[in-house]
2 protein chains.
Amino acid sequence: MADRGLRADAARNRTNIVHAARALIAAHGVDVGMDDIAREAGVAVGTLYRHFPAKADLIAAIVGERIEEMLADLDAVSARLDAGGSARDELVALVTTVAARAGEDRLLKAAAGDLVRTSLNDVEHRAVAALRQIVAAGHRQKALYRDVSADDVALILTLLPGEETPDPARRRWVQLVLRSLLADDAGEPP
Amino acid sequence: MADRGLRADAARNRTNIVHAARALIAAHGVDVGMDDIAREAGVAVGTLYRHFPAKADLIAAIVGERIEEMLADLDAVSARLDAGGSARDELVALVTTVAARAGEDRLLKAAAGDLVRTSLNDVEHRAVAALRQIVAAGHRQKALYRDVSADDVALILTLLPGEETPDPARRRWVQLVLRSLLADDAGEPP
DNA sequence: ATAAATCATGAACCATCGTTCAGGTTAGGA
DNA sequence: TCCTAACCTGAACGATGGTTCATGATTTAT
């Protein structure tokens, strides 16, 4: 949380705004009005615009947070792998975790669209780098089909079902997609 | 195309409107304005509203067409299966075909949302019934994992990537998801 | 305590977009 | 040909939602 020399009340308002925006967007989608966000944050619209010159900036900030969280998850996984963890278990846990958060994440990602796609690219590279480590470990442990790449895993994480899909279907989905990555023992893809 | 006793020019306008709407929605998303659709169709907005009392009706009409196309595909597949075709090949072809059209379809489906969900339900039942036949044939031919159900296939068809996913990734995706359905030979899921 | 900079307020502005309607036009049968 | 129902036109309306700005309130350093 970078308090860039903000006044005490300004900093407080800023975090309130971000919290309110996160909650409302998660609940009602990206189309929530700025007025609603401001009211939920206990602040006037003008204040909101002082901190975020445009709605896109507010959304970009939230998306940025989510991306950081995800990168932290990825780093944690590869650390555990370096410590000798099971690549299979880690992959299952990773996909499950991301799927659970996918409801909110998908909304934000959809909203961000190509708005932040340019600034996303370098972060995406960081993510793919982490995934590459994980996939490499998976191959070393013969837990993945031979042709599975880091991009494949990234693709799957990107295409996880959002909140429009009811929960049992979402769980089943995780089961199914993992099947396309994890080899029983041989490692030869069909 | 049910010309319900329309005047000649009215019928012409109606098809022009539907064509224009399909094209614009496919190209720019569901958020295209009614004015744009009208202009593209060479018609005034009022005319558009004479044929479709609300934007939702226009979208519902287009979605209906797409659904009919898809049902026709499904029926064709199960007919070919009854004639002794390979369930595996048919499934691959089906998913590939739907994936190719997914760009536009996803847009429409997203737009339809719960707007038409009620009227979709019975059509969805028809679709699932057809899928059930296909999956049954697949099991008879030992081409699928034992636990794969018609709902699984429906889930996959629903969650196919849209136009936001570039084409090579989309093809790879089809390869991957099919792997989670099609058994090599044994039929026992991991 | 006082000043100056920083920050907050919220009514108003403006652009967009779905929708309507009064009046003009056209098709097609008698 | 002429009449009338069916149809078309497009300016205008209203709701929505992002954005601005003149004015007033707080914080903080001196």
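The chains referred to below are lettered A, B, ... by the order of the sequence lines, with proteins before strands, and numbering in each begins at 1. Quick caveat, the model's predicted, so the values are computed rather than measured.
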Between CG of B:Asp35 and P of C:dT19 the distance, given in whole Å, is 11 Å

Between B:Asp73 and B:Arg101, is there a side-chain N and carboxylate O pair less than 4.0 Å apart? yes

Rounded to whole Å, CE of B:Met34 lies from P of D:dA11 at a distance of 18 Å

query = OP1, OP2 of D:dT9 versus side-chain N and O of B:Thr47: anything below 4.0 Å?
reply = yes

Picking from C:dC7, C:dG10, D:dT19, the nucleotide nearest the side-chain atoms of A:Leu6 would be C:dC7

Among the nucleotides D:dC7, C:dC7, C:dT19, whichever has the atom closest to the side chain of B:Arg50 is D:dC7

With the side chain defined as heavy atoms from C-beta on, A:Asp9 is closest, among D:dT19, C:dC7, C:dT19, to C:dC7

Between NZ of A:Lys55 and C1' of C:dA15 the distance, given in whole Å, is 15 Å

Here the distance between atom P of C:dT19 and atom CG of B:Asp57, to the nearest Å, is 9 Å

Under-4.0 Å salt bridge between A:Asp31 and A:Lys55:
no

To the nearest angstrom, the CG-C1' distance between B:Leu48 and C:dC17 comes to 13 Å

*Salt bridge or not for A:Asp35 and A:Arg39, using N-O below 4.0 Å?*
no

May I ask you to decide whether A:Arg170 forms a salt bridge with A:Asp167, counting only side-chain N to carboxylate O separations under 4.0 Å?
-> yes

**Asked** Which part of the nucleic acid does A:Gly33 contact within heavy-atom distance under 4.0 Å: base, sugar-phosphate only, or nothing?
**Response** sugar-phosphate

Between B:Val45 and A:His51, whichever has its closest DNA chain C nucleotide further toward 5' is A:His51

Separation of C:dA12 atom P from A:Tyr49 atom OH, nearest Å, is 18 Å

- Message: Is A:Asn13 close enough to C:dA8 that one of its side-chain N or O atoms is under 4.0 Å from OP1 or OP2 there?
- Response: yes

Item to complete: Answer yes or no: side-chain N or O of A:Arg7 and base N or O of D:dT26 forming a donor-acceptor pair under 3.5 Å.
Response: yes

Here the distance between atom C1' of D:dA15 and atom CG of A:Asp36, to the nearest Å, is 15 Å

Here the distance between atom C1' of D:dG17 and atom CD1 of A:Ile59, to the nearest Å, is 13 Å

One should read off an interatomic distance between B:Arg172 CZ and A:Asp151 CG, to the nearest 0.5 angstrom, of 9.5 Å

Out of D:dC7, D:dT27, C:dC7, minimum distance to the side chain of A:Ala10 belongs to C:dC7

